[in-house]
Amino acid sequence: MNEARKKRVALIALLLLGVGGATALALVGASQQINVFFSPSEIAMGKAQNVQRVRLGGLVKEGSLWRDPSTVAVRFKVTDRNRCVTVNFDKILPDLFREGDSVIASGLMQADGSLKADEVLAKHDENYMPPEVAETMAKAKALAAQAKRDHTQDCAP
Amino acid sequence: MMPELGQVCLLLALLLAGITAVVPMIGSYTENRRMMQVASFGTSGQFVFVAFAFVLLTYAFLMQDFSVLYVANHSNSELPVPYRFSAVWGAHEGSLLMWVFVQVIWALALSLFSASLPEKLRARVLSVMSIIAFGFLSFLIFSSNPFERMVPPSPDGNDLNPLLQDPGLIIHPPMLYMGYVGMSIPFAFAVAALLENRIDQSWVRYCRPWTNIAWAFLTIGIALGSWWAYYELGWGGWWFWDPVENASFMPWIVGAALIHSQAVTEKRGTFRGWTLLLSISVFSLSLLGTFLVRSGVITSVHAFASDPERGLFMLIFSGIVTGGALLLFALRGARVRVLSPAALMSRETLLLVNNILLISACALVLIGTLFPLIAEATNLGKYSVGAPWFGKMFALFTIPLLLLVPLGAFCKWNQDSLSRIMIQLLPAASVAVFAAGIAWLMARELPIKAVLGLLVAFWVMAGTFAFLWRRWKVTSAKRYTLEMLGMASAHLGLGLWLAGVVLVESLSVERDVRLTPGEQVEVGPYTVKMLSVEHKSGPNFEADYGRFQIYRGAELITELNPEKRAYRRGQVMTEADLRPHIFGDVYVALGEPLDSTGNAWGVRAYHKPFIRFIWLGAIFMAFGGVLAAAERRLRAPVSNTVKQPEPEPKPEVLSGKPALISANSAGNA
Amino acid sequence: MNARDAKTIRWWAILPFLLFAYLCVILYLNLKSENDPKSVPSPFLGKPIPTFVTTDLLTGSAFDSASLKGQPYILNVWGSWCPECAREHPILNQYAATANAIAIIGLDHKEVDPNDGKAWLERLGNPYRFVPVDPDGRIGIDLGVYGAPESYFVDAAGIVRYKHIGALSLKIINEKVVELSRAN
């Protein structure tokens, strides 16, 4: 095999190896770091059964914010006015976090159905709601209407 | 009256851009000198009008002319004077005007410094620059007019987003734009070369300084953004793999590949097609980035107010410019060889591997950034790609790349042996292992991954010093050319950057705690003690500010005053305070009051060891780019006759007879 | 360079262009889905608009949205804090001044201080038949509002026929109003 041919083969082999290896690693890494968005209703319906890392969006249920008296840890509920999910978070909440306002929490689902969040995002601007949350709210209203439930019956604070 | 004057200036600039795009191009085909000379006049004219328009918009902000809709939306009477300047480019319309302004500045510089270029090439290059300016000016005038009036005029304006009221943000966008837009120069050259069917390397030499300087600006712009995010956002992070950050990073990565590819093409005449393709790609990525940030397809705290109509315009424009160039490449650029005649172990091969790794890293960032869009469009679901994925994938490609960096300078062109190189680098390797060992002894808590990362960083730095040391023994005037020094500085910067990243990611300490006055928290070697939280008023905000004492052992180092500001227009901002130090920052941010008395507060305290190395590394890299650009050798005139592409050597010749290649292999600069 | 090599190189050369074309298609699809109102997940399209009771910004009297039934109307969501609404407003004024214009109801969304809303309307003009207030944003949440400006085109039976996100243009208003009257 002459030099040029050898080089061509080596290059193609390197490329294939590189692409194959990278793809494999990307896919493995992906399952751990790519987050899927769910609403509280979807989680209640069991759609997040096989997913560990979850992004949860909705509103912070009024009156549900509980603060640990000795640390900065908090617990609150995220609702779409149809269902709620409890969220635990042990860091400082973002600036625009308010009860009754939209929030996106991401983290790991626990066995008891609550979310242990490692990141909580409130909106970055006073007046805009993330599209995913707005969509969630609108869909959930339809679901609640179907179940003939009033929006105050989503969960106790 | 002034705003209308501004609009007129923009229209005149548009007219000139149109003329300069068409006339010199036609002149270059019909060999009409006078038509070609229109390029200089047209380019200067565009600069004058756009500059004047920019000055007028700035004036409107300074004079607080709230009859202009853009001024009313992004400024108000309480806005401090320095931020009235940065408000000019703080939102979509104004930043687009800045983009155009930077475009005509680069075009003017090119026009003034291109006397040594053959006339036809020069005419076509300036023509392409004007095509780009024409596109952006149309976009500006017809869909994003910064001079639009508000009737009746507002008595006072909305405020500038408080996040933007910061010195770092005054300079970050201009630096970025100088980089993004500067890459239109190699793009214009590539297109002009393809049009002329001039696929040789003479114009590449001319292009190198421009590309290096644009890349240096981009490096500084990105580093400023990272530094700003660190001290302003209050979360201690310096890079979030946010789609907008990725949009600025991709041109940088491919720009780095381009710089190396240009070096090969200029010195050896090979990689010509590859250099052409990269030249087209870098600017295309700049355009793509602009599209992503302004069209609303991605949601991000960084993104400008979204407008799908504007997005469509940008997409069409990018499609025409990039698509046109790539089509031209497919038709004309294919005439070059794919593989160079050099041996498997040679500097050419190393640089090819460098390019492949860099492009792959960029492709990964692109895929990760676009995946949520694709998933949404194809109804796969609402995905988002987390930062750790990007970090891991990026490391996957950069670690092999960094391992090879020291070899490049030691490897001969055309043919060399790996064993010979490794023997020369053995001292450097030993130093690196030794240094990594010392680091591990000094910080036993470092995980193995971090120690290995440090080893790579030290290897890069030691290898660079080994090169400088070897050149010391050369006694000619070419001992240390600016090009070599530029390379050394940039590679050194790379090592510093990696060391900073590894150390801060593995050693940083974050504590989120509840504190009352008198209480304290340990963070790394420092103790943060809260004294009190008091109230103060600013020009357009009310704030709570904390008084925190920082101790190292028993010694009082400083007092930090982080703030929580409530702006009159409703936004709440965290202003962290930090004590910078090359070996590690102490950083304190106020969370929120945890009880009704306002006595107990949530406080975030960080220790960020060696984080400054990250930006120091970037400064070295940018400085390297500037040094290399100043290399006098590169300013030799570009030949007027079109060199025919070298005929493909017959296979027998390739079995390594260095004497047949005329380049000087001993100096190997 | 033999014939086979020449062909191989040609093929590689067209690849970047093809990849780029593919990318443009994806981005275009994404843009369109943003722009396309049908893909906006308003679950009320074709369904009755949720009713609400609040007060009117300018008169102070009670306002019950159920009273709007019987006539088609446009429900425009705005706020004095919203710059894009200021851009849209002259268009609403223009439309309201035309003959046979249907009523526009202006929901003052997330207005912290009602005086700001009043001043804004005084300054920019008032095309609205009624101006219900929504200070804490609850009504907006019930309607599925993302932000402002947004507009709902509701027919005489109270069914939402179209939701528009972003500033309206005269062309869109005229088009959709014609559809509204045809719906009954």
Selection from Glu510(B), Arg604(B), Glu592(B) maximising heavy-atom pairs under 4.5 Å formed with chain A:
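Among Glu510(B), Arg604(B), Glu592(B), the one with the most close pairs to chain A is Glu592(B).
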
Could you tell me which portion of Leu594(B) (side chain, backbone, both or neither) has an atom closer than 4.5 angstrom to a non-hydrogen atom of chain A?
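For Leu594(B), heavy atoms of backbone and side chain both lie under 4.5 Å from chain A.
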
Side chain, backbone, both or neither of Phe390(B) within contact of chain A (heavy atoms, under 4.5 Å)
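Neither part; nothing is under 4.5 Å.
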
Got a list of side-chain donor-acceptor pairs under 3.5 Å for residues 84-92 of chain A, not counting sequence neighbours?
from	atom 1	to	atom 2	distance (Å)
Asn88(A)	OD1	Arg75(A)	NE	3.3

With a strict 4.5 Å heavy-atom criterion, list every residue of residues 65-72 of chain A that contacts chain B, or say none.
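Only Arg67(A), Asp68(A), Pro69(A), Ser70(A), Thr71(A), Val72(A) of residues 65-72 of chain A have a heavy atom under 4.5 Å from chain B.
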
